[in-house]
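Single-structure report; data block below.
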Number of protein chains: 2
Amino acid sequence: MLRIALEQFCEIGYVGTSLQNIADRAGYSKSSVLYHFASKEALLEAAIAPAVDQLDALLTHSINRISSAELREAFVEEFIDYLLEFRLQAHVIINQGQSLAGIPTIDRARQSIDRLSESFMAELPTTAQRIRLGVALAGAAYVLVAVPPMAEEVVPIQDVRAALIAVVSELVTPLSLQHTVSSTTLSSTPSL
Amino acid sequence: MLRIALEQFCEIGYVGTSLQNIADRAGYSKSSVLYHFASKEALLEAAIAPAVDQLDALLTHSINRISSAELREAFVEEFIDYLLEFRLQAHVIINQGQSLAGIPTIDRARQSIDRLSESFMAELPTTAQRIRLGVALAGAAYVLVAVPPMAEEVVPIQDVRAALIAVVSELVTPLSLQHTVSSTTLSSTPSL
DNA sequence: TCAGGAGTTGACCGAACGGTCAGATAGCGT
DNA sequence: ACGCTATCTGACCGTTCGGTCAACTCCTGA
């Protein structure tokens with residue numbers, strides 16, 4: 001049922017998905033849905049909470065990991081694997097997080113992302129470097145998030161994983177951390 | 001008024017934006033909005049139609065342009081400039097296009113994107129190459145689309161433009177078109 | 001001066017929304 | 001056989017949605 005709700009939230013958006021819609025797809029009545037989950041918002045939170053927990057854990061022990069090239073490599077791999085595992089939840093957070101501000105779990109997710117971004121931005125002084133990292137992470141996230149859920153057979157997931165790790169690593173690895181000309185400071189992140 | 005509607009559609013989504021909401025922000029009444037635009041859907045179409053027209057034009061004379069390195073370079077630059085000019089419209093199409101299927105102008109936009117993708121996919125046989133292109137284009141699009149509209153001063157747009165063109169070119173340029181091992185054919189694109 | 005069109009508005013409508021509630025059903029331990 | 005609890009449901013409620021409509025206010029050309 002959480003799975004069905006999550007799929008609907010992805011396909012037609014949280015606001016666009018009605019409880020009746022979810023109930024129909026699940027084979028229950030709207031009242032039954034509200035029996036298991038106190039409200040529509042609680043249903044969303046239950047659906048994405050595990051993904052946010054894991055995101056928080058991933059980012060917490062990944063901060064400052066871009067300082068070293070090897071650590072960066074490991075982080076990229078974990079990041080890609082995270083996206084592969086929580087594609088649907090990431091879809092909701094990335095594409096609808098902005099309009100879903102106010103929902104606690106969503107805010108938690110955005111705080112985690114902001115924390116990561118600030119950690120990165122502090123080490124990447126130039127706009128060019130920041131854009132580079134932004135394109136790498138956002139590109140990987142969006143490519144994975146936009147993949148139709150049924151395309152898993154026609155394109156082997158392992159191929160996609162390997163290709164993503166390769167291209168993101170290529171973008172992230174040569175990021176030098178020298179403190180060159182930094183004309184401005186970026187308060188909010190442009191990526192993810 | 002179209003600008004206000006477009007901003008609302010971006011911030012809280014098309015379904016989440018009510019005509020009353022737009023009317024309030026514009027300083028008119030809901031009835032006045034519906035006097036100028038036959039329906040909420042017509043308002044959305046009027047807001048994004050110019051962007052879709054230009055997208056269609058851009059892609060039409062850009063197809064097969066990745067065959068040559070120089071043409072690819074020019075395409076990248078035009079693509080980035082297009083995103084810079086139609087950030088809000090691209091935001092709606094990219095983030096909400098899936099749930100807005102059925103609206104003619106949205107469908108037109110998605111058809112254009114599909115046409116471009118198929119053209120690219122036909123020339124890029126391996127998954128790795130396709131992912132590479134997907135990360136480049138989707139990453140650039142998402143970074144631009146997610147930039148807060150007020151950050152224009154703190155980070156000079158020209159810097160962002162130059163950095164984006166650089167990183168996307170770096171990803172797209174070395175794409176070789178040799179017909180190597182192609183185990184599968186991808187029907188739908190994973191990017192954009 | 002006045003006829004008429006453009007622009008604006010509040011009142012109103014049916015539909016759909018999220019959510020509540022009392023009751024029906026079924027399974028369980030005793 | 002009996003209650004108890006968990007699960008499920010239809011009827012219902014208040015609100016908000018997109019959209020219609022008649023009326024009002026201007027402005028303009030004859």
Side-chain angles (χ1 to χ4, degrees), chain A residues 1-49 52 88-89 91-93 95-109, chain B residues 1-49 52 88-89 91-93 95-109:
Chain A
M1 177 130 135
L2 283 175
R3 208 196 69 247
I4 294 180
L6 196 53
E7 290 169 1
Q8 294 292 301
F9 290 155
C10 282
E11 283 180 28
I12 50 188
Y14 174 74
V15 272
T17 302
S18 69
L19 291 173
Q20 190 66 59
N21 191 324
I22 298 171
D24 290 346
R25 291 239 176 184
Y28 290 109
S29 75
K30 190 179 68 171
S31 301
S32 266
V33 177
L34 283 166
Y35 169 77
H36 292 284
F37 303 94
S39 66
K40 186 185 178 185
E41 186 175 312
L43 176 55
L44 171 67
E45 298 212 322
I48 67 169
V52 177
L88 297 183
Q89 293 91 334
H91 190 292
V92 171
I93 295 170
N95 279 352
Q96 307 177 45
Q98 172 183 1
S99 58
L100 264 39
I103 297 178
T105 308
I106 296 280
D107 289 343
R108 264 182 55 219
Chain B
M1 177 129 138
L2 282 176
R3 208 196 70 246
I4 293 179
L6 196 53
E7 289 168 1
Q8 294 292 300
F9 289 156
C10 282
E11 282 180 30
I12 50 187
Y14 173 74
V15 273
T17 302
S18 69
L19 291 175
Q20 191 66 58
N21 190 324
I22 299 171
D24 290 346
R25 291 240 174 183
Y28 291 107
S29 76
K30 190 179 69 172
S31 300
S32 265
V33 177
L34 282 166
Y35 170 77
H36 291 283
F37 302 94
S39 67
K40 186 185 178 184
E41 188 175 311
L43 175 55
L44 171 67
E45 299 211 323
I48 66 169
V52 177
L88 297 183
Q89 293 90 334
H91 189 293
V92 171
I93 295 171
N95 279 353
Q96 307 177 43
Q98 172 184 1
S99 58
L100 265 38
I103 297 178
T105 307
I106 295 281
D107 288 343
R108 264 182 56 216

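Every chain is numbered from 1 and lettered A, B, ... according to where its sequence line falls, protein lines coming before strand lines. Everything quoted here is computed from the prediction, not taken from an experiment.
When all heavy atoms of Ser29(B) and Ala23(B) are compared, the closest pair comes out as C-CB, 3.5 Å. In terms of heavy-atom proximity, Ile48(A) sits nearest to Gln89(A) at CA-CG, 3.9 Å. The two residues Leu6(B) and Ala47(B) make their nearest non-hydrogen contact at CD1-CB, 4.1 Å. Between Cys10(A) and Leu88(A), the shortest heavy-atom contact is SG-O, 3.2 Å.
Scored by the side chain to side chain donor-acceptor pair (under 3.5 Å) test, Ser32(B) finds no partners at all (sequence neighbours excluded). Listed by chain and number, the residues in a salt bridge (charged side-chain N to carboxylate O under 4.0 Å, His left out) with Glu7(B) are Arg3(B) (sequence neighbours excluded).
Side-chain nitrogen and oxygen atoms of Ser32(A) include none within less than 4.0 Å of the OP1 or OP2 phosphate oxygen of dT7(D).
Screening residues 29-40 of chain B for salt bridge (Lys or Arg N to Asp or Glu O under 4.0 Å), with sequence neighbours left out, gives no hits. For residues 20-45 of chain B, there are no ring pair (Phe, Tyr, Trp, His ring centres under 6.0 Å) pairs, not counting sequence neighbours.
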Could you tabulate the donor-acceptor pairs under 3.5 Å formed by side-chain atoms of residues 14-21 of chain A, not counting sequence neighbours?
from, atom 1, to, atom 2, distance (Å)
Tyr14(A), OH, Glu41(A), N, 3.2
Thr17(A), OG1, Gln8(A), O, 3.1
Thr17(A), OG1, Gly13(A), O, 2.6
Ser18(A), OG, Asn21(A), N, 3.0
Gln20(A), NE2, Asp24(A), OD1, 3.1

Could you list the donor-acceptor pairs under 3.5 angstrom formed between side-chain atoms of residues 98-108 of chain B and any protein atom two or more places apart in sequence or on another chain?
from, atom 1, to, atom 2, distance (Å)
Ser99(B), OG, Gln96(B), O, 3.0
Thr105(B), OG1, Glu45(B), OE2, 3.3
Asp107(B), OD1, Gly102(B), N, 3.2
Asp107(B), OD2, Gly102(B), N, 3.3
Arg108(B), NH2, Asp53(B), OD1, 2.4

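Residues from residues 8-28 of chain B with heavy atoms under 4.0 angstrom of DNA chain C, sorted by number: Tyr28(B). Within residues 33-47 of chain B, the residues having any heavy atom closer than 4.0 Å to DNA chain C are, in order of number, Tyr35(B), His36(B).
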Identify the pairs formed between an N or O of the protein and an N or O of nucleotides 11-15 of chain D at a distance under 3.5 Å, and give each distance.
none

